[in-house]
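Letters go in sequence order (proteins before strands), and every chain restarts at 1. Both backbone and side-chain heavy atoms feed into the values below; hydrogens, waters and symmetry mates do not.
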2 protein chains.
Amino acid sequence: MSDHVPVTAKQVAELAGVSRAAVSRSFTPGASVSPETRRKVMAAAEALGYQVNHLARGLISAQSGLVALIAAEIETPYRASLLSALSQALQSAGKTPILIATDRSDESVKEALHKARSYRTEAAVMFSGMPDTALADLCLRNGMRLVLINRDETREGTLQIRLDDRQAGRSAFNLLAKTGCRRMGLVSSSAGTPSLTGRIEGFREAAREAGAALGEWVAGETGYETGLQAGTELFARPDAPDGVFCVTDLLAMGVMDAARHRLGLQVPRDAAIIGFDNIPQAGWESYRLTTFDQPIDEIAVATVDWLAAPAEPGMPGETVCLPARLVWRDTVRRPLEPGRD
Amino acid sequence: MSDHVPVTAKQVAELAGVSRAAVSRSFTPGASVSPETRRKVMAAAEALGYQVNHLARGLISAQSGLVALIAAEIETPYRASLLSALSQALQSAGKTPILIATDRSDESVKEALHKARSYRTEAAVMFSGMPDTALADLCLRNGMRLVLINRDETREGTLQIRLDDRQAGRSAFNLLAKTGCRRMGLVSSSAGTPSLTGRIEGFREAAREAGAALGEWVAGETGYETGLQAGTELFARPDAPDGVFCVTDLLAMGVMDAARHRLGLQVPRDAAIIGFDNIPQAGWESYRLTTFDQPIDEIAVATVDWLAAPAEPGMPGETVCLPARLVWRDTVRRPLEPGRD
DNA sequence: CTGAAAGCGCTTACAG
DNA sequence: CTGAAAGCGCTTACAG
């Protein structure tokens, strides 16, 4: 191993007795080098501890190897899981994730994208916020690809990955109805992201079709604390619900704790509860929450596959819609014949 | 805004009527440019949508702006929180985090560091695994700085951040003893990281000093499932403990659920439980776990401050040791006078 | 304070 | 298959 500061292709070339171009080619999959030179180059590289400088490579080849992961609240269970899956999948595909945290503001989304651009990331995958059209176009024109997770927007050259949220909302209602709930509750959010909205609308729609009244509680945020507050208020109402759908697991767990620890209710006997996301905590003994699963690994795979396919200019936007499957646990009574709807 | 592909400093220079050097200087804090030229440059840059290309800047100036975050299991609550705090702090300081996931193997740690090196990251902060000496030296010689979180190792030019784990372990024992527990249990881990080991040794040490017997359960992993298993076995023993210290919150929550849901025990009446980390879930109504707090924000601040200070060659290693403060909740009976020890 | 010039480490036509 | 040469977009002495 060399004892000197950064070792460059030039030194490797000298040691191997070849040109700089040859070492470059040896490190480029599919380049035309004879096996013999490549072997010599690799041996020299190994001996010197050489690594290609990705900064230089990215500067010249538009292949920085970098992809930006843009997200808010990554400490949250669902986001953290998605982030983990995505970064591992990307890494396996030879890409390197750059992490850019945003808050909910448009301004921070804008900065995030600019930052991605300044590092010439090959793509940006966003799971929070939405770029405005002009900015998205700018990125696209600069050769950056966009993948939007759970945002509702199709655009040329971008991949959109979403779940069938509306259908899940409908299923939630029907499941509650089928298992004997009479007064339905919905704990939703004013965050207004397309995925949340889809779940809400699906649930309302099914309620309308069934002619059922709905007690709603609109939360600002989607976390545990908010759920706790929602549950506390909802179950104190004279027409307290006996079946509630919460648009996230965190909300559901807060609602559940309010019911049990603050109101002395039993779940599902006094109130059935359904969540959404299937975060790890949903499976804990203290909750055993019936919920819809976000297929995190499939999302990661879809992202990486799309990125691996060569980008063609003017490529139409693509959207993949994944099902959100119900995972049965203990917060809803089981119907005699567990239906699928 | 320009409608053409990547806009470079040259175009900005032309539009502003200055040299390329002037635009470079305008974007370099502290460089010598007249306010007037800087103004012209900024206006032109704004008009064209110019962003300095960090790849090119990093290539020439050893200031890539990148710092590598190297970690395993980032989907885990404590890790996710730390990652979030770190990435935000870094971002506020103008740095951009690169995320490199590892598994526990030495091989993957090695690859992670090589990857960091190939992007010329200014620093690598590791919160999983340890680089072997030769590799760490290589990084250091290449001008990369290292910050090691909760790993026990001092080395020239690196920052080590750790908690007073041993003291926390001692406190846990003393607290349990003071609140009337007679049969102490310890749910530890064979992971062998320095922080875990410190907690374990502190607890054992205090037990030895008090002449108390100890029921131990050594887990491989540090997650909820393992805790559930540990609790199930531990409380089924004839000499089941009535006070147990778990080296992580996740373990503690599993143990707690085993006690309550599988053995029908009450916490803290039948068994007191103390955790470590103070993850968000520890505050949930179903747990209200008494635990030690990991000062995540302080860790992030310490990291960023150290990185902000200019690196001098041959700088001695620095270590900051933070206290892990007890947060009182409901899984330990309160002594009459809540002591500090 | 300013500009012309050299150079960071790489890749990629181009010619052989 | 191979090497000499040009060039990616920037920064930084150097001279003025």
Side-chain angles (χ1 to χ4, degrees), chain A residues 2 4-42 44-45 48-66 114 117-122 142-143, chain B residues 2 4-42 44-45 48-66 114 117-122 142-143:
Chain A
S2 156
H4 277 70
V5 192
V7 23
T8 94
K10 181 148 167 273
Q11 299 168 48
V12 177
E14 277 163 10
L15 182 57
V18 298
S19 70
R20 291 181 54 187
V23 1
S24 177
R25 289 194 186 100
S26 298
F27 281 93
T28 306
S32 80
V33 231
S34 71
E36 174 55 12
T37 31
R38 173 168 266 144
R39 198 196 51 69
K40 283 192 296 189
V41 167
M42 289 321 203
L48 296 172
Y50 171 74
Q51 300 263 124
V52 356
N53 182 332
H54 275 73
L55 260 26
R57 172 178 281 184
L59 180 58
I60 204 135
S61 71
Q63 305 258 72
S64 65
L66 260 15
H114 278 310
R117 206 156 72 86
S118 75
Y119 279 102
R120 300 298 186 265
T121 62
E122 299 177 10
N142 281 219
Chain B
S2 156
H4 277 70
V5 192
V7 22
T8 94
K10 182 147 167 272
Q11 300 167 49
V12 177
E14 276 163 11
L15 181 57
V18 299
S19 70
R20 291 181 54 185
V23 0
S24 177
R25 291 194 185 99
S26 298
F27 280 92
T28 306
S32 80
V33 232
S34 71
E36 175 53 12
T37 28
R38 173 168 266 143
R39 197 197 50 70
K40 284 192 296 190
V41 167
M42 288 321 201
L48 296 172
Y50 172 73
Q51 300 264 124
V52 355
N53 182 332
H54 275 74
L55 259 26
R57 172 179 280 183
L59 181 58
I60 204 134
S61 71
Q63 305 256 73
S64 65
L66 260 16
H114 277 309
R117 204 155 76 85
S118 74
Y119 280 102
R120 300 297 187 263
T121 62
E122 300 176 10
N142 282 220

Gap between atoms [atom1] and [atom2], on [X] and [N] respectively (whole Å):
X        : N       : atom1 : atom2 : result
His54(A) : dT11(C) : NE2   : C1'   : 13 Å
Leu55(A) : dC8(D)  : CG    : C1'   : 12 Å
Leu59(B) : dG7(D)  : CG    : P     : 17 Å
Arg57(B) : dG9(C)  : CZ    : C1'   : 18 Å
Gln11(A) : dG9(C)  : CD    : P     : 9 Å
Glu14(B) : dG9(D)  : CD    : C1'   : 14 Å
Asn53(B) : dG7(D)  : CG    : P     : 18 Å
Tyr50(B) : dG9(D)  : OH    : P     : 10 Å

What distance do [X] atom [atom1] and [Y] atom [atom2] have between them, rounded to the nearest 0.5 Å?
X         : Y        : atom1 : atom2 : value
Tyr50(A)  : Met42(A) : OH    : CE    : 10.0 Å
Arg57(A)  : Phe27(A) : CZ    : CZ    : 8.5 Å
Arg117(A) : Gln51(B) : CZ    : CD    : 4.5 Å

Inset, instruction - Determine, stepwise, if the pair Leu55(B) / Ser64(A) fulfils side-chain contact (heavy atoms from CB on, under 4.5 Å). - result: CA-CA 8 Å; Leu55(B) 259 26; Ser64(A) 65; 4.1 Å; yes
Legend entry - Secondary-structure string, 5' to 3', Watson-Crick or G-U under 3.5 Å, | for another-strand partners, for DNA chain C: |||.||||||||.|||
Legend entry - Under 3.5 Å donor-acceptor, Arg38(A) side chain and Val33(A) backbone: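 A pair under 3.5 Å: no.
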Legend entry - Verdict with supporting geometry, Leu66(B) and Glu122(B), side-chain contact (heavy atoms from CB on, under 4.5 Å): CA-CA 6 Å; Leu66(B) 260 16; Glu122(B) 300 176 10; 5.9 Å; no
Legend entry - Side chains of Asn53(A) and Tyr119(B) in contact at under 4.5 Å (non-hydrogen atoms):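 Asn53(A) does not reach Tyr119(B) side chain to side chain.
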Inset, instruction - For the residue pair Arg39(B) and Glu36(B), establish whether any side-chain heavy-atom pair is separated by less than 4.5 Å. - result: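 Answer yes - side chains close enough.
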Inset, instruction - Provide the distance between the two C1' atoms, one in dT12(C) and one in dG16(C), to the nearest whole Å. - result: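 Per the computed distance, 16 Å lies between those C1' atoms.
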Between protein and nucleic acid, restricted to nucleotides 1-6 of chain C and to nitrogen or oxygen atoms under 3.5 Å apart, what atom pairs and distances do you find?
unit_1, atom_1, unit_2, atom_2, d
dT2(C), OP1, Ser34(B), OG, 3.0
dT2(C), OP1, Thr37(B), OG1, 3.2
dT2(C), OP2, Ser34(B), N, 2.9
dT2(C), OP2, Thr37(B), OG1, 2.7
dG3(C), OP2, Ser19(B), N, 3.3
dG3(C), OP2, Ser19(B), OG, 3.0
dG3(C), N7, Arg25(B), NH1, 3.3
dG3(C), O6, Arg25(B), NH2, 2.6

Legend entry - Set of residues satisfying side chain to side chain contact (heavy atoms under 4.5 Å, CB included) with respect to Ala31(A), sequence neighbours excluded: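 Partners of Ala31(A) by the side chain to side chain contact (heavy atoms under 4.5 Å, CB included) criterion, ordered by chain and then number, come out as Arg25(A), Thr28(A).
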